[in-house]
Asker: 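The following block contains the structure, expressed as C-alpha cells.
Note that ligands are numbered from 1 as they come in the structure, with each ligand's atoms numbered from 1 the same way.
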Amino acid sequence: MPVDMRARLGQADLPSPVLAAAGCAGAGRELTQFIDIARVGAVISKSIMTEPWAGNPTPRLAETPSGLLNSVGLQGPGIDAFLQRDLPWLLSRGARVVVSIAGQTVREYRALASRLADAVGVSAVEVNLSCPNAEDAGQTFALDTGAAGTVVEAVRGSLRYDIPMFAKLSPDVTDIVAVAGACVASGADGLSLVNVLTGMAIDPGTMRPALAGAYGGLSGPAIRPVAVRCVWQVREAFPDVPIIGTGGVRTGRDALELMLAGATMIGVGTAMIHDPSACSRVMRELEEELAAIGVDRVADIIGQAHGRTPRVPRGLARRT
Ligand code: DHB
C-alpha cells in the first residue's frame with residue numbers, strides 16, 4: 001500500500017508535505033531541468049520586495065564544514081516582475097506557489113500584501129521577518145516580539161482573508177515561543193521555523209571576513225538540531241498552529257525527525273544547491289521511511305515525539 005503523502009495548505013491540496021524552501025531556487029524555474037515542480041508540495045519563492053533590488057556586494061557565500069553562510073541581501077526582481085512573469089509561469093507548470101515577502105518598513109510589507117490581493121493562484125504567503133527594519137536602526141523584525149507582531153498584523157490587514165499567512169521566524173532569539181505567540185496573536189495562520197542563524201567566517205589567508213558583509217546567515221545541516229528544537233518548543237506551546245519545518249533537511253529521515261517534532265510541512269532549502277532534485281528525493285525517502293515503519297498516512301506522524309507516551313508506530317521502536 002502506498003503511503004498517503006498528501007498535505008493541506010489553506011485551501012490547497014498538496015501532493016506532498018515537502019516544499020522547496022525560500023531562497024535556494026529563485027522562482028523555481030531552474031528546478032524544472034531536474035524535477036517536475038508540479039509534484040513538489042509547493043514552491044516558496046525567494047523573498048520578494050516592493051522594488052527590484054541588487055542585493056549585497058560580493059563575496060556573498062562562504063562554505064563552512066556543515067553549513068553555508070550567505071549574505072545575498074534579498075536580491076530580486078520586485079513584486080511587479082514576480083506577479084507578471086514568475087507567478088504565471090509557475091502556475092502554468094502546475095506548481096502550488098507560496099509567495100515569500102520581505103520589507104524594510106511595515107509600510108512595505110503592507111504594500112506587498114496589497115499587491116497580492118488580485119493575484120490568482122497564490123496558495124499562501126510567507127512573511128520573512130529576518131529583514132532589517134529601516135525605521136529601527138536596522139534591527140531585524142524577527143528579533144523583537146513587538147516588531148514581528150506589528151508586521152504580521154499589517155500583512156493580515158491587507159492580505160485577502162482566504163490566503164493563509166505563515167510568519168518565518170529567526171532562531172537568533174532567546175525565546176522563540178514568545179515571538180511565535182506574538183505572530184499568532186497578530187493573525188498568523190502558521191509559522192515557518194526556522195530562518196538562518198547569524199554566523200561569520202574569517203579567511204586566515206586574507207585575515208579578513210569571508211563575506212563582504214562580514215556576517216551572514218548560516219543554513220544547512222549545521223542548523224538542523226536548532227530547527228528541531230524550535231519546532232518542538234513551538235508545537236508544545238501552540239499544538240494547533242501549522243508549522244513549515246525548515247533548517248538543514250537533506251534526507252527523508254531528517255524530514256521525519258522534524259515532523260515528529262511537530263512540523264506539518266517541510267521546507268528543503270540549502271540541500272537543493274548541491275542536489276537540485278532534493279525535494280523529490282526527500283519526499284521519496286520520507287515515503288520509504290514511513291512505509292518501513294508501517295505508517296499509512298504522513299499526517300499521522302506530525303508531533304508524535306510529544307507527550308509522555310508517544311504512539312509509536314509499528315516498527316519504529318525496533319529501528320531505534
Ligand atoms: C537572505 C535573506 C534571508 O532571510 C535568508 O534566510 C537568507 C538570505 C538574503 O539576504 O537574501
Side-chain angles (χ1 to χ4, degrees), residues 19-28 30 43-64 67-79 81-82 86 98-105 108-109 112 125-134 138-144 147-148 151-152 155 165-173 176 179 183 188 191-201 209-224 226-227 230-231 244-249 266-273:
L19 321 186
C24 296
E30 289 79 5
V43 175
I44 309 179
S45 71
K46 165 86 183 147
S47 295
I48 299 291
M49 302 190 82
T50 52
E51 304 295 329
W53 195 253
N56 287 339
T58 57
R60 314 199 282 199
L61 293 180
E63 282 188 70
T64 72
L68 180 69
L69 274 172
N70 89 82
S71 72
V72 170
L74 296 163
Q75 179 183 341
I79 186 76
F82 176 81
D86 299 320
V98 178
V99 183
S100 170
I101 59 173
Q104 291 182 294
T105 61
E108 281 183 13
Y109 281 102
L112 287 159
V125 165
E126 184 176 83
V127 183
N128 181 357
L129 293 167
S130 292
C131 304
N133 180 353
Q139 159 84 307
T140 306
F141 290 99
L143 304 188
D144 182 87
V151 170
V152 166
V155 172
M165 173 187 39
F166 281 66
K168 187 160 186 180
L169 306 190
S170 166
D172 283 342
V173 291
I176 190 120
V179 186
C183 291
L191 299 163
S192 289
L193 303 170
V194 288
N195 211 319
V196 290
L197 269 164
T198 306
M200 183 171 180
L211 299 174
Y215 44 83
L218 182 66
S219 61
I223 74 165
R224 192 163 55 78
V226 178
C230 290
V231 168
I244 302 174
T246 305
V249 172
I266 295 294
V268 174
T270 302
M272 285 192 289
I273 292 176

Asker: Who's the nearest protein heavy-atom neighbour of atom 2 (C) of ligand 1, and how far?
Answerer: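 That would be L74 CD2, 3.8 Å.
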Asker: Show the atoms of ligand 1 that are less than 4.0 angstrom away from any heavy atom in N70.
Answerer: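 Heavy-atom distances to N70 below 4.0 Å select 7 (C), 8 (C).
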Asker: Does at least one non-hydrogen atom of G73 fall below 4.0 angstrom from an atom of ligand 1?
Answerer: yes
Asker: Please report whether ligand 1 has a polar contact with Q75, defined as an N or O pair separated by less than 3.5 Å (distance criterion only).
Answerer: no
Asker: Looking at S100, is its backbone amide N or carbonyl O close enough to the side chain of S45 to form a donor-acceptor pair, meaning the two atoms are under 3.5 Å apart?
Answerer: yes
Asker: Considering only the protein, which heavy-atom contact is closest to atom 6 (O) of ligand 1, and what is its distance?
Answerer: N195 OD1, 2.3 Å
Asker: Decide whether an N or O pair under 3.5 Å exists between V196 and ligand 1.
Answerer: no
Asker: Below 3.5 Å, N or O to N or O, backbone or side chain included: is there any such pair between N128 and ligand 1?
Answerer: yes
Asker: Name the residue from T50, V125, N128 that meets the side chain to side chain contact (heavy atoms under 4.5 Å, CB included) definition with I101.
Answerer: V125
Asker: More than 12 heavy atoms of other residues, nucleotides or ligands under 6.0 Å from CD of Q139: is that the case?
Answerer: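 It does: Q139 CD has more than 12 such atoms within range.
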Asker: Please confirm whether the backbone N or O of S71 pairs with a side-chain atom of N56, one donor and one acceptor, at under 3.5 Å?
Answerer: yes
Asker: For the side chain of D86 and the backbone of A27, is there at least one donor-acceptor N/O pair under 3.5 Å apart?
Answerer: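 The answer is no, because no donor-acceptor pair under 3.5 Å joins these two groups.
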Asker: Output the list of atoms in ligand 1 that are nearer than 4.0 Å to some heavy atom of K46, sorted by atom number.
Answerer: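 Those qualifying, in numeric order: 1 (C), 9 (C), 11 (O).
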Asker: Answer yes or no: is there a side-chain heavy-atom contact under 4.5 Å between L74 and C131?
Answerer: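 Yes; the side chains approach each other to less than 4.5 Å.
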